[in-house]
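One structure below.
Predicted model, so just to flag it, every value in this text is computed and none were measured. Sequence lines set the chain letters: A, B, ... in the order given, protein chains first and strands last, and positions in each chain run from 1.
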Amino acid sequence: MADLTSNFVGIRSPNPFWLASAPPTDKEYNVRRAFEAGWGGVVWKTLGEDGPPVVNVNGPRYGAIWGADRRLLGLNNIELITDRPLEVNLREIKAVKRDYPDRAVVVSIMVPCEEAAWKAILPLVEETGADGIELNFGCPHGMSERGMGAAVGQVPEYIEMVARWCKQNTRMPVIVKLTPNITDVRKPARAAKAGGADAVSLINTISSITSVNLDTMSPEPSIDGKGSHGGYCGPAVKPIALNMVAEIARDPETADLPISGIGGVTTWRDAAEFLALGAGNVQVCTAAMTYGFKIVQEMISGLSQWMDEKGHATVADIVGRAVPNVTDWQYLNLNYVTKARINQDECIKCGRCYIACEDTSHQAITMSPDRLFEVQDDECVACNLCVEVCPVEGCITMEAMTPGTVDPRTGRVVQKDYANWTTHPNNPATVKAAE
Amino acid sequence: MANSQMTRGIAAGRLPAEVIAGNFSDLHPPLDPHEAAVAADRCYFCHDAPCMTACPTSIDIPLFIRQIQTGTPESAAKTILDQNILGGMCARVCPTETLCEEVCVREVAEGKPVLIGQLQRYATDTLMADGVHPFARAAPTGKRVAVVGAGPAGLACAHRLAMKGHDVVVYDARQKPGGLNEYGIASYKTVGGFAQAEVDWLLQIGGITMELGKALGDGLSLDGLRDGFDAVFLGIGLAGVNALRAEGEDREGVRDAVDFIAELRQSDDLTSLPVGRNVVVIGGGMTAVDAAVQSKLLGAQTVTIAYRRGQQQMAASVFEQDLAASRGVRILCNVMPVAVQDGEIELEYTAQEAGALKGTGERFRIVADQVFKAIGQRLDGAPDGLKIEAGKIAVSDDGKTSITGVWAGGDCASGGDDLTVTAVAEGRDAAEDIDRALRS
Ligand SMILES: Cc1cc2nc3c(=O)[nH]c(=O)nc-3n(C[C@H](O)[C@H](O)[C@H](O)COP(=O)(O)OP(=O)(O)OC[C@H]3O[C@@H](n4cnc5c(N)ncnc54)[C@H](O)[C@@H]3O)c2cc1C
Ligand SMILES: Cc1cc2nc3c(=O)[nH]c(=O)nc-3n(C[C@H](O)[C@H](O)[C@H](O)COP(=O)(O)O)c2cc1C
Ligand code: SF4
């Protein structure tokens with residue numbers, strides 16, 4: 001049986017599944033239920049400085065988009081950090097950590113960008129017995145207007161400065177949570193590292209408007225006829241998060257910086273993908289908010305089954321496995337030639353592959369009067385569109401051509417050697433170099 | 001000349017071999033991966049799901065379907081088998097239309113439940129095809145338990161006890177284990193020798209010795225078992241059959257439906273199994289439907305179910321009734337048999353009078369070369385000294401009988417419906433209670 005125990009920057013948990021800082025971790029009641037359900041750890045809902053807590057809107061906080069069958073794909077929110085008094089949260093954190101010593105309890109913090117504010121809160125958090133802190137530089141709404149959250153997260157110098165203050169003022173591991181609302185995520189990650197942070201976590205939510213009510217002409221969620229941009233999360237943001245995690249993992253400057261992967265993790269498979277791209281563990285918010293805490297059981301059984309099947313003994317064995325395979329476009333093998341293959345036994349004859357290719361791609365699929373769909377190798381550029389639009393998983397596949405055979409589209413013999421754009425004759429840079 | 005549907009009397013080979021083979025193929029062919037993916041996608045992962053409550057073994061249905069959704073049917077199977085070690089058979093034979101699928105929120109919303117039974121089969125078949133037995137025994141306890149009856153109740157009990165580290169000896173009067181899984185369930189629900197394959201798979205846990213052809217009351221006594229073992233579980237089912245109390249009941253051509261079904265299940269050549277040209281089945285439950293449908297599938301020209309009460313009272317579910325109708329079985333309600341004659345049966349209409357069912361005096365005859373009695377099974381051969389309640393061995397919720405050290409479950413025990421899944425639940429729960437008792 002695979003060993004799912006996790007050690008992330010010295011913080012141990014029975015599995016790599018943590019709940020992200022958000023409503024599921026906003027109070028003792030929820031966190032206890034989460035631990036009973038099997039979650040390995042939590043990042044407590046972001047605490048603000050002492051004093052009157054922030055207030056939330058009193059109308060709807062969430063907007064959403066759905067796939068077929070109203071499956072929730074993306075959620076957006078205009079919620080702020082915790083709106084409960086600091087001392088209540090601290091007391092509850094302490095009680096939970098005492099009762100669940102084997103689970104990870106990390107506390108998310110967002111206070112003004114002044115050293116005194118950080119110095120004031122860190123000892124209070126440390127006193128709870130929490131395992132670490134996460135600096136919330138990510139919230140795209142509400143807090144950034146106050147000079148916190150994403151406003152800090154978008155300025156690498158601030159990140160470095162705050163991370164350094166924290167490292168100097170606490171013994172606890174410091175995780176810096178990054179906002180995706182920037183152009184190049186490597187910059188804030190490098191800054192976090194320079195400030196001495198033990199790890200980064202990402203992504204926080206993405207600025208978004210999910211929909212507009214066409215009767216009232218208000219963005220959703222609508223507060224008395226007006227809406228504001230919110231933070232987007234859920235399955236829809238996973239590709240963005242995966243890329244950002246991979247960018248940091250393969251950046252030579254931050255390659256050894258531990259990453260907590262967040263954004264759209266919904267199943268064990270999503271989690272495994274984050275781990276493979278270099279995340280040391282994962283955090284989950286929307287999936288738990290959509291289906292309840294019980295989903296962690298599927299994450300645990302699935303990850304463990306897959307690890308057993310692949311012979312991975314520990315979580316650490318998976319982390320970063322796919323990173324060496326993330327490269328830049330110009331290094332992709334241009335001698336790798338594939339063709340689409342339609343399995344006629346699986347085909348249900350919907351015609352979607354045909355029309356996608358015919359209308360929008362390379363006219364490489366033919367359709368007979370009795371609805372037989374066939375790939376024409378002399379037209380197929382192997383773009384993968386038919387594979388992606390086919391409703392039957394595995395019905396259309398991409399098959400590599402054997403080196404030595406002739407690609408009927410180009411008339412060229414498929415080469416077995418690797419060759420990429422940097423040496424391609426059409427590349428002006430190559431021509432220049434040759435001159 | 002070869003026999004046909006028109007051949008008079010009772011005859012074998014009424015239909016060509018390939019037609020019979022087709023007739024007895026899987027009632028619900030297994031889902032392929034695409035069908036399973038589409039079916040699983042419809043599950044909402046309900047909280048405190050109604051389906052789970054409706055399942056007598058409380059399988060975590062939303063979890064196992066999510067595990068199928070996420071490409072781990074083997075983990076799904078483990079979730080199922082944790083609760084119900086005969087989850088493979090139950091996936092085939094449970095009347096899901098009156099259990100989990102009846103209460104599925106999508107049945108309520110759209111009249112189309114998630115295909116829970118078929119998804120359960122998809123998961124368990126996947127795991128069993130891999131030959132994996134995902135359970136291991138706990139450290140040996142040195143305790144020995146006798147289980148009488150190798151039906152669903154006995155097997156579920158034996159497996160759970162073996163898992164807990166006890167050594168189990170299972171006795172059964174028959175030559176093959178499985179109980180009604182092997183001798184009763186309709187052929188088209190469990191094709192391809194699945195019942196025996198499932199027993200073989202279950203026994204992989206180890207620690208279970210099968211003693212077949214050994215009957216309680218015939219060589220074995222309860223006192224003897226109590227002396228020789230630390231605990232005894234009785235899962236002896238309902239071996240007796242109720243009498244018809246109609247004239248001519250002992251004529252040739254009149255038979256217990258369960259015997260006919262057992263013979264059919266054990267036959268390795270259905271073209272050699274005789275069936276009447278005109279068959280009448282007396283009864284209104286699952287056994288009646290199974291006997292009727294399978295008679296039709298063998299090539300009977302006409303098959304009639306004669307039931308003495310109204311259609312709403314039939315124990316067979318609407319799904320089963322529809323299945324019978326779709327195979328060409330006629331269902332006559334509010335009639336009771338009066339006399340079986342040569343090639344005919346005489347029936348009388350019935351009516352409810354002052355709470356009692358009475359014949360109206362109006363009688364008619366229909367042709368009947370063969371008559372099957374399917375009017376219920378009853379407890380037979382229960383050891384003396386056990387408290388009996390409404391014809392069954394009286395048990396507490398956790399399966400204790402009136403005799404210390406003796407537990408019972410399944411059809412032979414009081415409470416619960418007479419279903420495979422209920423037998424599994426009761427066998428399992430009794431094993432848990434036996435384990436507690438043996439450890440205290
Ligand atoms: C024709 C028919 C069709 C059915 N179809 C369905 C269906 O589709 N779905 C469903 O859920 N349920 C169905 N049932 C009901 C289901 O089969 C039973 O509820 C279930 O098998 C009960 O399990 P059990 O272990 O209690 O008893 P059984 O399955 O009856 O097993 C009892 C075992 O004990 C043995 N035994 C009996 N007496 C002795 C003795 N004195 N000594 C030693 N061994 C003994 C028997 O040989 C047998 O192997 C059907 C029943 C019948 C008769
Ligand atoms: C309602 C809501 C409130 C959130 N509040 C916080 C917060 O207080 N602090 C924080 O760091 N992230 C917050 N997040 C972001 C999540 O922690 C997480 O980074 C994001 O939702 C992406 O993960 P997901 O796709 O699994 O939901 C919030 C998210 C939601 C949906
Ligand atoms: S989930 Fe529904 S009921 Fe619960 S607080 Fe939100 S709006 Fe109210």
Between [X] and chain B, with a heavy-atom cut-off of 4.5 Å, which part of the residue counts as in contact: side chain, backbone, both or neither?
X: E309(A); value: side chain
X: R70(A); value: neither
X: T290(A); value: neither

Enclosure of [X] [atom1] (heavy-atom neighbours >12, cutoff 6.0 Å):
X: E388(A); atom1: CD; value: yes
X: K349(A); atom1: NZ; value: yes
X: R33(A); atom1: CZ; value: no

| request: Quick one: closest heavy-atom pair of S75(B) and S301(A), and the distance? | output: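 So the two residues come closest at OG-O, 3.5 Å.
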| request: Consider only side-chain N and O atoms of Q305(A) and E74(B), and report whether a donor and an acceptor are under 3.5 Å apart. | output: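 Yes, E74(B) and Q305(A) have a side-chain donor paired with an acceptor closer than 3.5 Å.
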| message | Report which part of D60(B) has an atom under 4.5 Å of a heavy atom belonging to chain A: side chain, backbone, both, or neither. | response |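 The side chain, not the backbone.
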| said: The test is salt bridge (charged side-chain N to carboxylate O under 4.0 Å, His left out); show your working for D69(A) and R106(B) and say whether it passes. | reply: CA-CA 11 Å; D69(A) 219 5; R106(B) 301 205 73 159; 2.7 Å; yes
| Any side-chain heavy-atom pair from I295(A) and F45(B) closer than 4.5 angstrom? |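 In short, these two side chains touch, coming nearer than 4.5 Å.
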| Trace of the side-chain contact (heavy atoms from CB on, under 4.5 Å) decision for R71(A) with D41(B) | CA-CA 9 Å; R71(A) 187 172 284 270; D41(B) 233 20; 3.8 Å; yes
Spacing of [atom1] belonging to [X] relative to [atom2] belonging to [Y], to within rounding of 0.5 Å:
X: E298(A); Y: T79(B); atom1: CD; atom2: OG1; value: 10.0 Å
X: T70(B); Y: L303(A); atom1: OG1; atom2: CG; value: 11.0 Å
X: T72(B); Y: W268(A); atom1: OG1; atom2: CH2; value: 7.0 Å
X: Q297(A); Y: F64(B); atom1: CD; atom2: CZ; value: 14.5 Å

| message | With chain A as the partner, which of H34(B), R42(B), R66(B), Q67(B) has the greatest number of non-hydrogen pairs under 4.5 Å? | response |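 Going by pairs under 4.5 Å, I would pick R66(B).
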